[in-house]
Amino acid sequence: MAIEEQQDTDPFTATESLRTALAGAGIVLPSLAVDIASPALQLVDLGRVRADVATRLAEVLRKGGQE
């Protein structure tokens with residue numbers, strides 16, 4: 001991803017896009033949110049997850065999101 005694209009990406013939109021994609025794979029990251037402490041950096045906080053959720057996420061990523 002180009003730096004210009006990163007700077008143009010709204011963190012709220014990115015968070016909701018990620019939440020939707022994860023839900024489609026049956027994954028919920030309860031702490032997923034925009035990091036409002038650093039607005040200039042436009043950070044998305046993925047938060048903490050249980051080990052079984054992390055394992056499921058890793059499986060989905062290894063499969064390329066194909067279910």
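Numbering of residues begins at 1 and proceeds along the displayed sequence.
The closest donor-acceptor contact from the side chain of Thr20 to the backbone of Glu16 lies under 3.5 Å.
Within the 4.5 Å cutoff, the side chain of Asp35 has no heavy atoms near those of the Leu41 side chain. Side chains of Asp45 and Val34 form no contact here, defined as non-hydrogen atoms less than 4.5 Å apart. Residues Val28 and Leu22 form no side-chain contact, since every pair of their non-hydrogen atoms from C-beta on lies 4.5 Å or further apart.
In this structure, CG in Leu29 is found 6.5 Å from CG in Leu18, a value given to the nearest 0.5 Å.
Across Val44 and Ala14, no two heavy atoms sit closer than the pair CG2-CB, 4.3 Å. The minimum heavy-atom distance linking Arg56 with Ile27 is given by the pair CG-CG1, 3.6 Å. Contact detail for Pro11 and Leu43: the closest heavy-atom pair is CB-O, 4.2 Å. Across Ser31 and Gly47, no two heavy atoms sit closer than the pair CB-CA, 3.5 Å.
Remark: Glu59 does not engage Arg62 in a salt bridge, criterion side-chain N to carboxylate O under 4.0 Å.
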- Query: Under the side chain to side chain contact (heavy atoms under 4.5 Å, CB included) criterion, do Val49 and Leu57 qualify, and how do the steps go?
  - Reply: CA-CA 10 Å; Val49 299; Leu57 180 56; over 6 Å; no
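The hydrophobic clustering, which links ILVMFWY residues whose side-chain heavy atoms are closer than 4.5 Å, places Leu32 and Leu61 together.
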